[in-house]
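The block underneath contains the structure these notes are about, expressed in structure tokens.
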Amino acid sequence: NYYAVIMAGGIGSRFWPVSTQKFPKQFHDMLGTGESLLQKTFSRLEKIVPASNILILTNERYLDLTLQQLPKISEKQVVLEPAMRNTAPCILLSALKIQKEDPDAVMLVAPSDHWIEDENSFKEDLEICFKNCENEDVLMTLGIPPTFPNTGYGYIECDANATSEIKKVNQFREKPDYETAKHFLSQGNYLWNAGIFLWSVKSIISAFEAHLPVMNALFSEGKPIYNTEGEEQFVAQNYGLAENISIDYGIMEKAKNVYVKEATFDWNDLGTWGALHDKLVKDINSNAIVRATTHLKEASGNMIFSEKDKLIVIDGLTDYIVVDKEDVMLIFPKEKEQEIKILLAEVANKH
Ligand code: GDD
Ligand code: MG
């Protein structure tokens with residue numbers, strides 16, 4: 001059987017002030033379409049995997065938000081983390097839970113906060129990967145042709161001469177520095193890791209055995225009680241003991257059986273306000289506007305976001321992020337968007 005897990009426990013701090021620890025970006029309607037990023041992710045996956053086989057992995061503080069936004073799922077489909085430990089622990093825990101239900105299961109792991117519009121190509125790509133994982137002991141990722149030396153992504157080196165649809169990965173490098181990323185880009189045989197993974201539960205659990213044995217031992221102890229009433233207590237006691245590490249550093253960089261399928265769909269990880277601006281429909285002066293009613297003069301290239309429909313009047317502003325929220329207003333140059341993380345720490349005691 002096919003399963004999917006959606007990772008929805010991140011904080012999205014570069015989308016402050018909209019994304020906060022209380023209410024992170026995946027639960028927000030960032031695109032102004034009436035659906036949150038998580039809801040969009042769920043409905044995309046529901047066309048590939050039965051809704052009852054989709055698990056949501058998130059921090060325990062987001063249980064209510066998750067159930068409110070996804071009325072189709074039951075509480076037992078939400079895997080609650082008592083502590084933030086990045087993506088490796090939650091993936092292992094969910095793989096063990098799924099394995100108990102179906103030892104031959106193939107699972108897809110997806111982030112909750114990406115922009116993917118072409119759902120048909122997405123579905124076709126994933127179906128090819130699912131089939132491949134049914135028969136082979138492989139860890140699969142989806143690759144995106146890179147367009148600039150982004151240091152926030154994982155890079156996948158594949159065989160330059162390979163022509164097959166699914167390619168063997170020579171090297172997986174998570175978040176290289178700028179010089180290395182530039183070098184990778186100039187080589188031509190590198191792809192960005194889209195953060196969407198597929199594997200059989202058998203293959204991923206053996207990868208944890210080999211590369212994160214301590215974590216594997218910790219969570220394997222819970223096998224007899226996963227999917228039973230005792231699970232909650234076991235997780236509450238043990239989850240926080242797991243190493244804080246992402247699947248990318250913990251498994252993908254080390255495993256030898258990594259394969260990639262180049263994605264045929266348009267993808268954006270919506271990591272920053274600028275990325276959101278890129279993906280939205282814009283007015284003739286390249287302003288992207290979410291929810292606000294605007295009156296603009298001499299204004300261009302701005303990302304204008306309002307939580308409620310509000311009249312926003314601007315005269316003489318170029319390439320800025322303007323965010324209006326009930327309790328915070330942000331007016332910040334788009335070119336400094338990476339610094340919002342730092343800004344957030346600076347204003348923490350004022351807010
Ligand atoms: N459940 C849970 N628990 N989810 C988490 C946690 C956690 O502790 N930490 C992060 N997530 C979720 C985020 O909400 C997001 O949907 C996904 O896991 C990936 O985490 P990010 O923190 O956004 O990772 P990243 O963007 O730095 O890097 C990953 O994604 C890139 C593409 O967007 C890596 O896989 C890179 O290799 C990849 O290029
Ligand atoms: Mg991300």
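Only this structure's heavy atoms are used, side chains among them; waters, hydrogens and symmetry mates stay out. For the single chain, residues carry numbers from 1 onward in sequence order. Note that ligands are numbered from 1 as they come in the structure, with each ligand's atoms numbered from 1 the same way.
With a heavy-atom cut-off of 4.0 Å, Met252 does not touch ligand 1 at all. Looking at Asp269 against ligand 1, only its side chain comes within 4.0 Å, counting heavy atoms. For Cys90, every heavy-atom contact with ligand 1 shorter than 4.0 Å involves the side chain, none the backbone. No part of Tyr155 comes within 4.0 Å of ligand 1, judged by heavy-atom distances.
For ligand 1 and Thr58, the ligand atoms under 4.0 Å from any heavy atom of the residue are 1 (N). Shown in contact with Ser112 at under 4.0 Å from a heavy atom are these atoms of ligand 1, numbered in order with element: 14 (O), 16 (O). Per-residue contacts place Leu57 under 4.0 angstrom from the following atoms of ligand 1 (heavy atoms of the residue considered): 1 (N), 2 (C). Atoms of ligand 1 lying under 4.0 Å from at least one heavy atom of Arg85, given by number and element, are 8 (O). Interface atoms of ligand 1 facing His114, defined by a heavy-atom separation under 4.0 Å, are 33 (O). Against a heavy-atom cut-off of under 4.0 Å, Glu81 is close to the following atoms of ligand 1: 1 (N), 2 (C), 3 (N), 7 (C), 8 (O).
Relative orientation of the Phe23 and Phe27 rings is perpendicular, given thresholds of 30° and 60° on the angle between their planes. Note: Phe265 and Phe122 have perpendicular aromatic rings, judged against thresholds of 30 and 60 degrees for the angle between ring planes.
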If you apply the rule ring pair (Phe, Tyr, Trp, His ring centres under 6.0 Å), what do you find for Phe234 with Tyr226, and how did you get there? CA-CA 9 Å; Phe234 177 86; Tyr226 290 141; 5.8 Å; yes
Evaluate the criterion ring pair (Phe, Tyr, Trp, His ring centres under 6.0 Å) for residue pair Tyr153 and Trp267; output intermediate values, then yes/no. CA-CA 13 Å; Tyr153 293 158; Trp267 170 93; 5.4 Å; yes
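Here atom 29 (C) of ligand 1 lies nearest to Asp248 when heavy atoms of Ile144, Asp248, Asn244 are compared.
Taking the side-chain contact (heavy atoms from CB on, under 4.5 Å) definition, one finds that Pro176 meets it with Tyr155, Arg173, Thr180, Ala181, Phe184, sequence neighbours left out.
Ion pair Arg291/Asp29 flagged as a salt bridge, since at least one NZ, NE, NH1 or NH2 atom sits closer than 4.0 Å to an Asp/Glu carboxylate oxygen. By the 4.0 Å N-to-carboxylate-O rule, Asp104 lies close enough to Lys202 to be salt-bridged with it.
Side-chain contact check for Val323 versus Trp16: every heavy-atom pair is 4.5 Å or farther apart. Val109 places none of its side-chain heavy atoms less than 4.5 Å from the side chain of Ile196.
Closest protein heavy atom to atom 23 (O) of ligand 1: Asp113 OD2, 4.4 Å. Considering only non-hydrogen protein atoms, atom 39 (O) of ligand 1 sits nearest to Asn193 O, 2.6 Å. Nearest protein neighbour of atom 24 (O) of ligand 1, counting heavy atoms only, is Lys175 NZ, 4.5 Å. Looking at atom 11 (N) of ligand 1, its nearest protein heavy atom turns out to be Gly10 N, 3.6 Å. Of all protein heavy atoms, the one lying nearest to atom 20 (O) of ligand 1 is Thr87 CG2, 4.4 Å. Of the protein's non-hydrogen atoms, Asn86 N, 3.1 Å is the one closest to atom 8 (O) of ligand 1. When hydrogens are left out, the protein atom nearest atom 4 (N) of ligand 1 is Gly9 N, 3.0 Å; that is the closest non-hydrogen contact. Of the protein's non-hydrogen atoms, the one nearest atom 30 (O) of ligand 1 is Gly195 CA, 4.5 Å.
Protein heavy atoms come within 4.0 Å of atom 33 (O) of ligand 1.
Heavy atoms of Trp267 come nearer than 4.0 angstrom to ligand 1 in at least one pair.
A donor-acceptor pair shorter than 3.5 Å can be found between the side chains of Asn227 and Lys97. Side-chain contact annotation: Ser200 with Asp137, donor-acceptor N/O pair under 3.5 Å absent.
Between Met7 and ligand 1, an N or O atom pair is found at a separation short of 3.5 Å.
Applying the ring-ring contact (aromatic ring centres under 6.0 Å, His included) test to residues at least two apart or on different chains, the pairs with a partner in residues 283-324 are Trp273-Phe305.
Exactly one of Lys334, His277, Arg14, Glu337 qualifies for a side-chain hydrogen bond (donor to acceptor under 3.5 Å, both in side chains) with Thr272. That residue is Glu337.
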